[in-house]
Amino acid sequence: QVQLVESGGGLVQAGGSLRLSCVASGSIFSINAMGWYRQAPGQQRELVASITSGGRTNYADSVKGRFTISRNNAKNTVYLQMNSLKPEDTAVYYCNADIDVNKRWSRNYWGQGTQVTVSS
């Protein structure tokens, strides 16, 4: 069993910052790509940022220049630094990871989500 647990969400004013963390634990052989998704009320879940095991990153156009994704492989943790937050960033943010549970099988896992609310 593998679990992803997010933390760091909360309420912040527009222009402020938050740092989200996601820790993977359980039966893990290795972790491949990790990413952050978000889902606002009435909207589809969308990819915010992703990062490979080697550190290559990708961002949604809406967050480029404001958000930074990073990871600590030794701690099985991925982070999302969110700066210059806007009300439209308000959403539930979900951690995602592609994990090799052993030498043979890989699985994709989701965290439970953490609420980010940006007030105007």
Side-chain angles (χ1 to χ4, degrees):
Q1 296 292 324
V2 173
Q3 299 83 40
L4 303 181
V5 179
E6 303 102 332
S7 62
L11 175 64
V12 65
Q13 289 188 325
S17 298
L18 287 173
R19 185 179 187 245
L20 307 183
S21 299
C22 172
V23 181
S25 63
S27 182
I28 298 172
F29 181 75
S30 63
I31 302 178
N32 305 126
M34 304 184 78
W36 289 95
Y37 291 71
R38 68 186 181 187
Q39 188 167 20
Q43 302 293 318
Q44 292 185 319
R45 188 171 298 186
E46 64 175 349
L47 176 67
V48 177
S50 63
I51 184 168
T52 69
S53 60
R56 295 185 181 183
T57 59
N58 189 42
Y59 298 92
D61 288 342
S62 60
V63 306
K64 286 181 179 177
R66 300 188 297 121
F67 292 7
T68 302
I69 189 170
S70 62
R71 64 191 289 169
N72 186 324
N73 292 329
K75 296 182 178 180
N76 290 338
T77 302
V78 63
Y79 308 93
L80 186 67
Q81 180 66 47
M82 309 165 67
N83 299 326
S84 302
L85 283 162
K86 304 175 181 179
E88 48 263 48
D89 294 318
T90 296
V92 177
Y93 284 71
Y94 297 91
C95 179
N96 178 268
D98 185 60
I99 296 175
D100 294 330
V101 297
N102 54 45
K103 293 182 179 181
R104 185 176 179 88
W105 304 113
S106 65
R107 299 283 189 273
N108 191 257
Y109 293 90
W110 291 94
Q112 292 293 103
T114 184
Q115 177 70 49
V116 172
T117 302
V118 184
S119 62
S120 60

Would you say the side chain of Arg45 lies within less than 4.5 Å of the side chain of Trp110, judging by non-hydrogen atoms?
yes
Joint hydrophobic cluster, Val63 plus Val12, side-chain heavy atoms closer than 4.5 Å:
yes
For a quick test of reading the model, state the closest non-hydrogen atom pair linking Ile99 to Ala24 and the distance between them.
CD1-CB, 4.5 Å
In terms of side-chain geometry, is the basic nitrogen of Lys86 or Asp89 positioned less than 4.0 Å from the acidic oxygen of its partner?
no
Where at least one partner belongs to residues 25-120, residue pairs that pass disulfide (SG to SG under 2.5 Å), sequence neighbours excluded:
Cys22-Cys95
Which atom names give the shortest non-hydrogen contact between Pro87 and Ser120, and what distance separates them?
CG-CB, 3.9 Å
How long is the gap from CD on Gln115 to CG on Leu11, to the nearest 0.5 Å?
9.5 Å
Cluster check Val48, Tyr94: I/L/V/M/F/W/Y, side chain < 4.5 angstrom
no
Could you tell me whether the side chain of Arg71 and the main chain of Thr52 form a donor-acceptor pair under 3.5 Å?
yes
Same cluster or not: Ile28 versus Val101, using hydrophobic residues (I, L, V, M, F, W, Y) connected whenever any side-chain heavy atoms lie under 4.5 Å apart?
yes
Hey, are the side chains of Thr68 and Tyr59 touching, using non-hydrogen atoms and a 4.5 Å cut-off?
yes
Shortest non-hydrogen contact between Ser53 and Asn73, atoms and distance
O-ND2, 3.5 Å
Give a yes or no on whether the backbone of Ile51 and the side-chain of Thr57 come within a donor-acceptor separation of less than 3.5 Å.
no
Atom CZ in Arg107, atom CG in Asn102: separation rounded to 0.5 Å?
8.0 Å
Check the pair Arg66 / Met82 against side chain to side chain contact (heavy atoms under 4.5 Å, CB included), numbers first and verdict last.
CA-CA 6 Å; Arg66 300 188 297 121; Met82 309 165 67; over 6 Å; no
Scanning both residues in full, the closest heavy-atom pair of Ser84 with Ser17 reads N-OG, 4.3 Å
Using the rule that Ile, Leu, Val, Met, Phe, Trp and Tyr join whenever any side-chain heavy atoms are under 4.5 Å apart, tell me whether Tyr109 and Val92 fall into a single cluster.
no
Check: Tyr79 side chain, Asn72 main-chain N or O, donor-acceptor pair, under 3.5 Å:
no
Donor-acceptor contact present, side-chain Glu6 to main-chain Gln112, <3.5 Å
yes
Minimal non-hydrogen separation, Val23 against Lys75, with atom names
CG1-O, 4.2 Å
Roughly how far apart are Ser30 OG and Asn76 CG, rounded to 0.5 Å?
9.5 Å
Verify same cluster id: Ile31, Tyr37 (apolar side-chain graph, 4.5 Å):
no
Which pair of non-hydrogen atoms, one from Asp100 and one from Ser106, has the smallest distance, and what is that distance?
OD1-CB, 3.3 Å
Under 3.5 Å, side chain of Gln13 to main-chain N/O of Ser119, donor-acceptor pair present?
no
Intermediate values then yes/no, side chain to side chain contact (heavy atoms under 4.5 Å, CB included), Val78 and Leu80
CA-CA 7 Å; Val78 63; Leu80 186 67; over 6 Å; no
Which class fits the ring pair Phe67 and Tyr93: parallel under 30°, tilted 30 to 60°, perpendicular over 60°?
tilted
